[in-house]
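Scroll down for the structure; my scribbles are underneath it.
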Amino acid sequence: IEKIIKFNKPLILSTGMASIKEIDFIYKLLVKKKFFKFAFMNCTSEYPPVLKDINLGFIKKMILKYPKATIGHSDHTNDIYTSIGAAAFGAKIIEKHVYLDGLNNGPDKDVSINFEQMTNLVKAIKDLEIAKGSIKKINHREKIIRKWAHRSIVTIKNVKKGEKLTYDNIWSKRPGIGIPSYKMKSVIGKTARRSIKKDSLIN
């Protein structure tokens with residue numbers, strides 16, 4: 001590794017078969033030499049791996065523990081799901097074995113995906129990157145839907161002038177352009193100032 005970093009090219013290191021102590025050792029070595037163009041790949045060197053041995057949650061721990069490193073995932077399953085999960089956990093690099101259909105007779109047979117799966121994987125991760133924001137707000141397109149999706153207080157029977165509003169003659173229905181349904185209790189017991197037809201918004 002000391003010789004390789006003299007080329008000053010980005011370096012990718014697998015953590016398969018490595019203990020945390022060994023990963024720490026290499027991390028400290030690279031940081032001490034002020035070499036920061038390197039990545040650690042979360043990896044389970046089983047071919048194919050047992051799912052419970054993959055431990056995707058360790059990716060988040062690596063991101064916190066090794067801040068100078070780019071963290072990725074080296075995946076030896078024969079599908080795309082754990083790679084998508086790794087990206088969701090923050091992996092910035094994904095390694096997959098890919099084979100040509102009909103020509104997969106070598107030792108990687110059980111740990112590879114085909115190019116159609118690879119296409120689906122790339123699309124899934126790109127979509128995930130767009131979708132994984134952390135801000136909670138009412139989006140512009142939601143505001144339009146909110147007007148009809150929320151509920152307002154309406155009559156469910158014809159109400160006569162002077163009649164009290166009760167759970168028997170009012171309820172909540174869409175759209176949400178009238179008195180919000182959460183104010184129901186404050187409306188119960190009020191007296192109608194005029195006759196109100198069934199299925200009318202209460203003002």
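Positions are given from 1, in the same order as the sequence printed here.
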Mark yes when over 12 heavy atoms from residues, nucleotides or ligands other than [X] sit less than 6.0 Å from its [atom1]; otherwise mark no.
X: Lys132; atom1: NZ; answer: yes
X: Lys37; atom1: NZ; answer: yes
X: Glu142; atom1: CD; answer: yes
X: Ile20; atom1: CD1; answer: no
X: Phe7; atom1: CZ; answer: no
X: Tyr182; atom1: OH; answer: no

Taking atom [atom1] of [X] and atom [atom2] of [Y], what is their separation to the nearest 0.5 Å?
X: Glu2; Y: Lys6; atom1: CD; atom2: NZ; answer: 7.5 Å
X: Leu201; Y: Asn203; atom1: CG; atom2: CG; answer: 7.0 Å
X: His73; Y: Thr15; atom1: NE2; atom2: OG1; answer: 9.5 Å
X: Met17; Y: Ser45; atom1: CE; atom2: OG; answer: 3.5 Å
X: Lys92; Y: Glu129; atom1: NZ; atom2: CD; answer: 5.0 Å
X: Glu116; Y: Ile80; atom1: CD; atom2: CD1; answer: 10.0 Å

Indicate, with yes or no, if [Y] and [X] share a hydrophobic cluster defined by side-chain heavy-atom contacts under 4.5 Å among Ile, Leu, Val, Met, Phe, Trp and Tyr.
X: Ile23; Y: Ile4; value: yes
X: Met118; Y: Tyr81; value: yes
X: Ile156; Y: Ile179; value: yes
X: Ile12; Y: Ile26; value: no
X: Ile125; Y: Ile71; value: no

request  = List the steps and the verdict of side-chain contact (heavy atoms from CB on, under 4.5 Å) for Lys21 and Phe25.
outcome  = CA-CA 6 Å; Lys21 185 177 180 180; Phe25 174 78; over 6 Å; no
Which pair of heavy atoms, one from [X] and one from [Y], lies closest together, and at what distance?
X: Asp127; Y: Lys123; answer: OD2-NZ, 2.7 Å
X: Glu95; Y: His76; answer: OE2-NE2, 4.4 Å
X: Phe115; Y: Tyr99; answer: CD1-O, 3.7 Å
X: Ser152; Y: Pro175; answer: OG-O, 2.7 Å
X: Thr77; Y: Lys96; answer: O-NZ, 2.9 Å
X: Asp53; Y: Glu46; answer: OD2-OE2, 2.7 Å

State, yes or no, whether a side-chain contact exists between [X] and [Y] at a heavy-atom distance under 4.5 Å.
X: His97; Y: Ile113; answer: no
X: Ile153; Y: Trp171; answer: no
X: Tyr167; Y: Lys185; answer: yes
X: Asp110; Y: Pro48; answer: yes
X: Phe35; Y: Asn8; answer: yes
X: Thr191; Y: Glu163; answer: no

Under 3.5 Å donor-acceptor, [X] side chain and [Y] backbone:
X: Ser186; Y: Lys183; result: yes
X: Arg174; Y: His150; result: no
X: Tyr27; Y: Glu22; result: no
X: Ser74; Y: Met41; result: no

task = Kindly indicate, with the supporting measurements, whether the criterion ring-ring contact (aromatic ring centres under 6.0 Å, His included) is fulfilled by Phe38 and Phe40.
result = CA-CA 7 Å; Phe38 68 99; Phe40 281 151; 5.4 Å; yes
key: Identified side chain to side chain contact (heavy atoms under 4.5 Å, CB included) counterpart of Ile196 within the set Val154, Asn158, Thr155   =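 That would be Thr155; it is the only one of Val154, Asn158, Thr155 passing the side chain to side chain contact (heavy atoms under 4.5 Å, CB included) with Ile196.
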key: Between Thr82 and Asp75, a side-chain donor and acceptor under 3.5 Å   =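 Yes - a donor-acceptor pair under 3.5 Å links their side chains.
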request  = Could you list who else is in Ile138's hydrophobic cluster, with ILVMFWY side chains joined at under 4.5 Å, directly or through other members?
outcome  =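 Listed partners: none, Ile138 stands alone.
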Evaluation steps, side-chain contact (heavy atoms from CB on, under 4.5 Å), between Leu30 and Ile1 = CA-CA 9 Å; Leu30 295 172; Ile1 290 173; 4.0 Å; yes
message = One pair to check against side-chain contact (heavy atoms from CB on, under 4.5 Å): Ile188 and Ile170. What are the steps and the verdict?
response = CA-CA 8 Å; Ile188 294 294; Ile170 65 170; 3.7 Å; yes
request  = For the pair Asn114 and Val98, evaluate side-chain contact (heavy atoms from CB on, under 4.5 Å) and give the outcome as yes or no after the intermediate values.
outcome  = CA-CA 5 Å; Asn114 60 39; Val98 185; 5.9 Å; no
message = Can you see whether Phe89 has Lys60 sitting over its ring - NZ or CZ less than 6.0 Å from the centre and within 45° of the normal?
response =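 Checked: cation-pi criterion not met.
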inquiry  = Between Asp108 and Tyr47, does the side chain to side chain donor-acceptor pair (under 3.5 Å) criterion hold? Intermediate values first, please.
reply    = CA-CA 8 Å; Asp108 286 359; Tyr47 306 93; over 6 Å; no
